[in-house]
Amino acid sequence: MTLSERVAKAVAAAPVIDLHTHLFAPQFNTLNLWGVDELLTYHYLVAETLRAEPKVAPEAFYARDKTAQADLVWEALFVRRSPLSEATAGVATVLDAFGLDPAAPDLRDARAFFAARKVEDHLEDVLRLAGVTALAMTNDPTDPAERAIWEAGVAPDPRFYAALRIDRLVTSNDLAAELDRWIARMRPRYLAISVNEVSAPPRAVLDACRAHDLPFAMMVGVRRAVNPRLGVAGDGMSTVDLAPLERLAGDNPDVRFLVTTLARENTHGLCVVARKFANVLPFGCWWFMNNPSLIEETTSMRLEMLGPTFVPQHSDARVLDQLIYKWRHARRSIGNALSRRYGAMTVPPTDAQIERDARALLGGIAGEWLGA
Ligand code: RAT
Ligand code: ZN
C-alpha cells in the first residue's frame with residue numbers, strides 16, 4: 001500500500017466524535033430532521049438556489065411549503081445545473097450512499113425511500129455510514145419547542161451530548177441562576193456561543209465553566225443577517241481581532257476554550273494563539289470554511305504549527321443524513337493533509353503511528369475535551 005492509501009485507511013477507520021452539530025436525538029421528536037426534503041432545504045442550498053435563480057424572490061421561496069421548496073432546489077441545482085458546490089455535492093454523496101440516483105429528474109424515488117425508513121434504523125445506518133460514535137447537539141433553552149422537551153424530562157440517546165448554547169440566554173437578568181438550572185437539567189459537555197467579535201463573556205459564564213469544569217466554545221466571525229431577506233440563509237462573515245482571545249485565555253488559565261473562526265484569514269492567527277495558550281483548542285472548519293480545499297489547507301497549517309493537538313473538523317450538520325457526506329468529504333481532506341505531512345518527514349511513519357494520529361484527530365481529542 002502507498003503512504004496515502006495507508007493514511008486513508010486509518011482515517012476511514014477512526015471513530016468520529018463530532019464536536020458541534022445542530023442535530024437532535026430521536027427523543028426530541030420533530031426537532032430530529034432527516035430525509036431528502038430536509039437535505040434540500042438546508043440553508044446553504046437555499047442561498048445557492050436564490051443565487052442561481054435570481055428571478056425567484058426570497059419571500060416567494062419561503063412562502064412555499066417544504067416539499068415545493070425542495071422541488072425548486074432540486075430543479076435549480078441538480079437538474080438545470082451540475083451539483084459542483086460543496087453543499088450540492090454533499091447531497092449527491094448522501095443519495096448515492098443510499099443507492100439513490102443523484103441525477104434523477106425528480107424526487108419521487110428519494111421521497112419513497114425515506115418514507116419507508118424507520119427513524120431508529122435510519123439513525124443506526126447513518127451513524128455507521130458516517131463512522132460517528134458520538135456528537136454534540138446545540139441546545140438552546142430559550143427555544144420554546146426545545147425547552148418544553150427538556151422540561152418534560154427527556155433522556156436523550158447517550159450518543160447525543162448536550163451543549164448549552166447561550167447566544168440568547170446571556171441577556172437573561174439572572175444569568176447565573178439560569179446557567180445553573182440548565183446545566184443541572186441538560187448535563188452539557190460545554191457552553192457555547194456564536195459571535196461576531198471575540199469579547200469576554202459575562203462573569204457568570206466563566207464562573208459556571210469553572211464550577212462545572214466545562215469548556216466554553218466560541219464560534220467567531222459571523223455577521224448575522226447581512227441580507228435579512230434570505231432569513232436563516234442570510235448571514236455573512238468578517239475577519240476578527242484575536243487579541244481579546246489572548247487576554248481571555250491568559251486571564252482565565254483555569255478555563256478551557258474551544259475556538260473556531262469563520263474567516264480563512266483568521267485560521268493562521270488562531271494557530272498562533274493556540275501555541276501560546278494550551279487552554280485554547282482550535283476546532284473545525286466552520287460553515288464558509290467547510291470546503292475541501294480550505295479543510296485541506298487549514299489542516300495542513302494546523303499540523304505544521306500545532307502537531308496533532310487540535311480538532312480538524314466538526315460537521316455542523318442540521319439534518320441527520322448530512323453526517324454521511326460531511327464526514328466522508330472531511331475524511332478525504334484530512335487524509336490528504338496528513339499524508340502530505342507524513343510524506344515530508346525524514347523518517348516515514350509506522351502504521352501504528354498513523355492509526356494513533358488519525359484516532360486522536362477524528363475523535364480522541366474531542367472526546368478528551370468533552371469528557372467522553
Ligand atoms: O453553519 C450553520 O449551519 C450556521 O447556520 C450556524 O448555525 C452556525 O453553525 C452556528 O452554530 O452559529
Ligand atoms: Zn453551528
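Scope of the values below: all heavy atoms of this structure, side chains included, with no hydrogens, waters or symmetry mates. Remember, it's 1-based here, ligands and their atoms both numbered in the order they're listed.
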Colleague: Where the closest heavy atom to atom 11 (O) of ligand 1 is concerned, which of Q322, R165, M289 has it?
Modeller: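 Residue with the shortest heavy-atom distance to the ligand atom: R165.
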Colleague: Has R224 got any heavy atom lying under 4.0 angstrom from an atom of ligand 1?
Modeller: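 True for this residue.
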Colleague: For ligand 1, which atoms have a heavy atom of H20 less than 4.0 angstrom away?
Modeller: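 Those qualifying, in numeric order: 9 (O), 11 (O).
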Colleague: To the nearest 0.1 Å, how far is atom 6 (C) of ligand 1 from its closest protein heavy atom, and which atom is that?
Modeller: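 Protein heavy atom at minimum distance: R318 NH2, 3.4 Å.
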Colleague: Would you kindly say whether R165 and T142 are connected by a side-chain donor-acceptor distance under 3.5 Å?
Modeller: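 There is no such pair (donor and acceptor under 3.5 Å, judged by atom type) between the side chains of R165 and T142.
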Colleague: Can you tell me if W182 and N139 form a side-chain donor-acceptor pair at under 3.5 Å?
Modeller: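 No, no side-chain donor-acceptor pair sits under 3.5 Å.
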Colleague: Distance only, no hydrogens: is a donor on one side chain within 3.5 Å (strictly under) of an acceptor on the other, for W150 and E146?
Modeller: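 Short answer, yes.
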Colleague: State, without any angle test, whether N290 and Y44 hold a side-chain donor-acceptor pair at a distance under 3.5 Å.
Modeller: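 Side chains of N290 and Y44: no pair found under 3.5 Å.
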Colleague: Output the list of atoms in ligand 1 that are nearer than 4.0 Å to some heavy atom of S194, sorted by atom number.
Modeller: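 Heavy-atom distances to S194 below 4.0 Å select 10 (C), 11 (O), 12 (O).
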Colleague: Among all protein non-hydrogen atoms, which one is nearest to atom 1 (O) of ligand 1, and what is the separation to 0.1 Å?
Modeller: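 Among all protein heavy atoms, the one nearest atom 1 (O) of ligand 1 is Y44 OH, 3.0 Å.
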Colleague: May I ask you to identify the nearest protein heavy atom to atom 2 (C) of ligand 1, giving residue, atom name and distance to one decimal place in Å?
Modeller: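 Heavy-atom neighbour on the protein nearest atom 2 (C) of ligand 1: H43 NE2, 3.5 Å.
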Colleague: Identify, for atom 8 (C) of ligand 1, the protein heavy atom at the shortest distance, and state residue, atom and that distance.
Modeller: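 Minimum-distance protein heavy atom for atom 8 (C) of ligand 1 reads W286 NE1, 3.4 Å.
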Colleague: Which atoms of ligand 1 are found less than 4.0 Å from any heavy atom of D316?
Modeller: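 Under 4.0 Å from D316, ligand 1 has these atoms: 1 (O), 2 (C), 3 (O), 9 (O).
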Colleague: Is R181 paired with E151 through a side-chain N to carboxylate O contact shorter than 4.0 Å?
Modeller: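 Yes, this pair counts.
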Colleague: Calculate the angle formed at the Zn ion (ligand 2) by OD1 in D316 and NE2 in H20; 10° precision is enough.
Modeller: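 It rounds to 90°.
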Colleague: For the residue pair W286 and D316, confirm or rule out a side-chain donor-acceptor distance under 3.5 Å.
Modeller: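 Yes, a side-chain donor-acceptor pair sits under 3.5 Å.
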Colleague: Hey, are E178 and S172 close enough side-chain-wise for a donor-acceptor pair under 3.5 Å?
Modeller: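 No, E178 and S172 have no side-chain donor paired with an acceptor closer than 3.5 Å.
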